[in-house]
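Here the structure is laid out as structure tokens; the discussion comes afterwards.
None of these values were measured; they are calculated from a predicted model.
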Amino acid sequence: MASLSLSHINKTYPNGFEAVKDFNLEVADKEFIIFVGPSGCGKSTTLRMIAGLEEITAGELKIGDRVVNDVEPKDRDIAMVFQSYALYPHMTVYDNMAFSLKLRKVPKDQIKKQVTEAAKILDLEKLLDRKPKALSGGQRQRVAMGRAIVREPKVFLMDEPLSNLDAKLRVQMRTEISKLHQRLGATIIYVTHDQTEAMTLGTRIVVMKDGVMQQVDSPQNLYNKPGNLFVAGFIGSPQMNMVDATVEVKGNDVCLKVGSTSIKLPAEKAEKVKAYNGKTVVMGIRPEHLSDEEDAIAKADGAVLEAKIEVYELLGAEVYLYFTVEGANFTARVNPRTQVRTGDVAKFALDVSKIHVFDKDTELTITN
């Protein structure tokens, strides 16, 4: 396996469109890196540049110690798994998996050994004689992965490999890919627009927007310490609640004023926010940090929002309550035992230690 180094990578198309701008990333050996972001943010283009399927306009790409900017895709020692399975319909599973090895003139007994091992890892042993049309979507995707595994590449590149599968299968395949990474000890770069997939699979996540890297961090840190408004809103489901607030400094107290509610910040956050006295900032709080329970409201020291519930959603183990605060849409994730229903006016206590504050102009975090 191998490390990767992307240094000041840019991609500009002939019409002048900049798809990727000054992308810098060091990928350690055996890391599982996720590129995540909305459609058109440049994540697949970056992956295709690593694969050699797109030319790099500027910058340097290394796999291990070797600069590969001008190296043909077939000589880069990488394997790519696409969203479309791209299997040969007239070949059996065995032949699909063995195809690249046959092209390389690998001895037959060696091919058999590698294909059998990959089939065992992916639970495909009983399907080796079947043709792709006799397989389910999940099985076809496993065959596509098997074809990549038998090549024993230095790096696996996966471009939204699960987006064609139904919800249940996607969860199952996520687990499979995670196990696969542990078994193979492979370096994997994985592209998805699904942030749940990103949070559950990656050792580190690269969040992209408009061709620019926004933040690179562990799933935990991206969730708890987003670097800007975009990352805060993109990572987490339901997404973080955000509302404009005015900063008020009274002696040692720093408060955020949202409508008629004054929310006192804890000392460590107050210290960072007090320079914004009198200014408008953006306050963010995640749905699980709002509580409609009476004892939480009693202890909240005035950090309580009141609103009319517009939608009640029961998801079995939890309830989502949707409402509006000062023109901003809010969601609270609460206990399913809640008595609150659509049309009720409810109170929500805020966990002030979990509040995020962002600069309204630069959109960068103030409190993390």
Take atom CG of Asn252 as the centre, draw a 6.0 Å sphere, and report whether it contains more than 12 heavy atoms from other residues, nucleotides or ligands.
no

State which residue, out of Asn329, Ile285, Leu229, fulfils the side chain to side chain contact (heavy atoms under 4.5 Å, CB included) condition with Met242.
Leu229

Side chain Thr57, main chain Thr12, donor-acceptor under 3.5 Å:
yes

So, taking the atom named NZ in Lys264 and the one named CG in Leu256, what distance separates them when rounded to the nearest 0.5 Å?
12.5 Å

Mind listing the closest non-hydrogen atom pair of Thr45 and Ala19 along with its distance?
CG2-CB, 4.2 Å

Which residues satisfy the salt bridge (charged side-chain N to carboxylate O under 4.0 Å, His left out) test with Glu176, sequence neighbours excluded?
none

Can you check whether Arg286 reaches Lys354 side chain to side chain, under 4.5 Å on heavy atoms?
no

Give the minimum heavy-atom separation between Leu201 and Arg174, together with the two atoms involved.
CD2-O, 3.4 Å

Answer yes or no: is there a side-chain heavy-atom contact under 4.5 Å between Leu87 and Arg147?
yes

So that I can tick it off, tell me whether Asp194 and Arg170 are bridged by a salt bridge, with the cut-off set at under 4.0 angstrom between side-chain N and carboxylate O.
yes

With the side chain counted from C-beta on, respond yes when Met199 and Ile205 share a heavy-atom pair under 4.5 Å apart, and no when they do not.
yes

Would you say the side chain of Asp217 lies within less than 4.5 Å of the side chain of Tyr223, judging by non-hydrogen atoms?
no

Ignoring hydrogens and geometry, is there a side-chain-to-backbone donor-acceptor pair from Asp210 to Val212 under 3.5 Å?
no

Do you reckon Val282 sits in the same ILVMFWY cluster as Val231, going by side-chain contacts under 4.5 Å, direct or chained?
no

Hey, are the side chains of Asn241 and Thr331 touching, using non-hydrogen atoms and a 4.5 Å cut-off?
yes

Rounded distance [0.5 Å steps], CG in Leu135 versus CD in Gln141:
12.0 Å

Residues Leu127, Val143; criterion side-chain contact (heavy atoms from CB on, under 4.5 Å); working and verdict:
CA-CA 9 Å; Leu127 306 175; Val143 175; over 6 Å; no

Residues two or more places apart in sequence or in another chain: which of them pass ring pair (Phe, Tyr, Trp, His ring centres under 6.0 Å) with Phe99?
Tyr88

Please check if Leu222 and Val357 belong to a single hydrophobic cluster, counting links between Ile, Leu, Val, Met, Phe, Trp and Tyr side chain heavy atoms closer than 4.5 Å.
no

Do Gln214 and Asn228 have side-chain atoms, one donor and one acceptor, less than 3.5 Å apart?
yes

Does Lys30 offer a backbone N or O that forms a donor-acceptor pair with the side chain of His181 under 3.5 Å?
yes

When you look at CD of Gln110, are more than 12 heavy atoms from neighbouring residues, nucleotides or ligands closer to it than 6.0 Å?
yes

Passes side-chain contact (heavy atoms from CB on, under 4.5 Å), Val115 versus Leu128? Steps please.
CA-CA 9 Å; Val115 171; Leu128 289 173; 4.3 Å; yes

Please determine whether side-chain contact (heavy atoms from CB on, under 4.5 Å) holds for the pair Glu197 and Tyr190, giving the CA-CA distance in whole Å, both sets of side-chain angles, and the decisive distance to 0.1 Å.
CA-CA 10 Å; Glu197 225 165 85; Tyr190 186 106; 2.8 Å; yes

Can you tell me if CD on Glu271 sees more than 12 non-hydrogen neighbours from other groups inside 6.0 Å?
no

Looking only at heavy atoms, what is the nearest atom pair of Phe17 and Asn15, with distance?
N-OD1, 2.9 Å

Taking everything shown except Asp75 itself, do over 12 heavy atoms lie less than 6.0 Å from its CG?
yes

Side chain of Arg142, backbone of Leu122: donor and acceptor closer than 3.5 Å?
yes

Between Arg151 and Ser100 (side chain of the first, backbone of the second, donor and acceptor by atom type, cut-off under 3.5 Å), is there such a pair?
no

Using the rule that Ile, Leu, Val, Met, Phe, Trp and Tyr join whenever any side-chain heavy atoms are under 4.5 Å apart, tell me whether Val249 and Val281 fall into a single cluster.
yes

Between Lys43 and Pro38, is there a donor-acceptor pair closer than 3.5 Å when you use the side chain of the first and the backbone of the second?
yes

With clusters defined by side-chain heavy atoms of hydrophobic residues (ILVMFWY) lying less than 4.5 Å apart, directly or transitively, does Tyr320 cluster with Leu290?
no

Ile9 and Thr46, any side-chain heavy atoms less than 4.5 Å apart
no

Heavy atoms from other residues, nucleotides or ligands near NZ of Lys257 exceed 12 (cutoff 6.0 Å)
yes

Does anything in residues 320-335 form a salt bridge (charged side-chain N to carboxylate O under 4.0 Å, His left out)? List the pairs, not counting sequence neighbours.
Glu288-Arg333, Glu318-Arg333

Between Asp159 and Arg48, is there a side-chain N and carboxylate O pair less than 4.0 Å apart?
no

Taking atom types as modelled, find out whether Asp344 and Tyr312 have a side-chain donor-acceptor pair closer than 3.5 angstrom.
no

Counting only heavy atoms not in Arg337, do more than 12 fall under 6.0 Å of its CZ?
no

Between Asn24 and His8 (side chain of the first, backbone of the second, donor and acceptor by atom type, cut-off under 3.5 Å), is there such a pair?
yes

Distance check, rounded to the nearest 0.5 Å: Leu6 atom CG versus Ile56 atom CD1?
7.0 Å

Which value, rounded to the nearest 0.5 Å, describes the distance between Leu4 atom CG and Ile189 atom CD1?
4.5 Å

For Arg76 and Val155, indicate whether the former's side chain and the latter's backbone hold a donor-acceptor pair under 3.5 Å.
no

How about Lys21: does its NZ atom have over 12 heavy atoms from other parts shown lying under 6.0 Å from it?
yes

Under 3.5 Å, is there a donor-acceptor pair between the side chain of Lys11 and the main chain of Glu55?
yes

Calculate, to the nearest 0.5 Å, the distance between atoms CE and NZ belonging to Met97 and Lys102 respectively.
12.0 Å

In terms of heavy-atom contacts, Pro226 and Asn368 come closest through O-ND2, 3.0 Å

Can you measure from CD1 (Ile355) to CE (Met240) and round to the nearest 0.5 angstrom?
11.0 Å

Evaluate whether atom CG of Asp129 has more than 12 neighbouring non-hydrogen atoms of other residues, nucleotides or ligands under 6.0 angstrom away.
no

Could you tell me if the side chain of Leu314 sits less than 4.5 Å from the side chain of Pro336, heavy atoms only?
yes

Measure from the side-chain N and O atoms of Glu60 to the backbone N and O of Asn69, and report whether any donor-acceptor pair falls under 3.5 Å.
no

Which pair of non-hydrogen atoms, one from Ala2 and one from Ile63, has the smallest distance, and what is that distance?
CB-CG2, 4.2 Å

Give the C-alpha distance, both sets of side-chain angles, the deciding distance and a yes or no for side-chain contact (heavy atoms from CB on, under 4.5 Å) between Ile263 and Cys255.
CA-CA 5 Å; Ile263 299 157; Cys255 297; over 6 Å; no

Any side-chain heavy atom of Phe23 within less than 4.5 Å of one from Met208?
yes

Answer yes if Phe358 and Phe330 sit in the same cluster of Ile, Leu, Val, Met, Phe, Trp and Tyr residues linked by side chain heavy atoms under 4.5 Å apart, and no otherwise.
no

Taking all non-hydrogen atoms of both residues, which atom of Ala349 and which atom of Ala300 are closest, and how far apart?
CB-CB, 3.8 Å

Check Glu268 with Lys272, please: is the shortest side-chain N to carboxylate O separation under 4.0 Å?
no

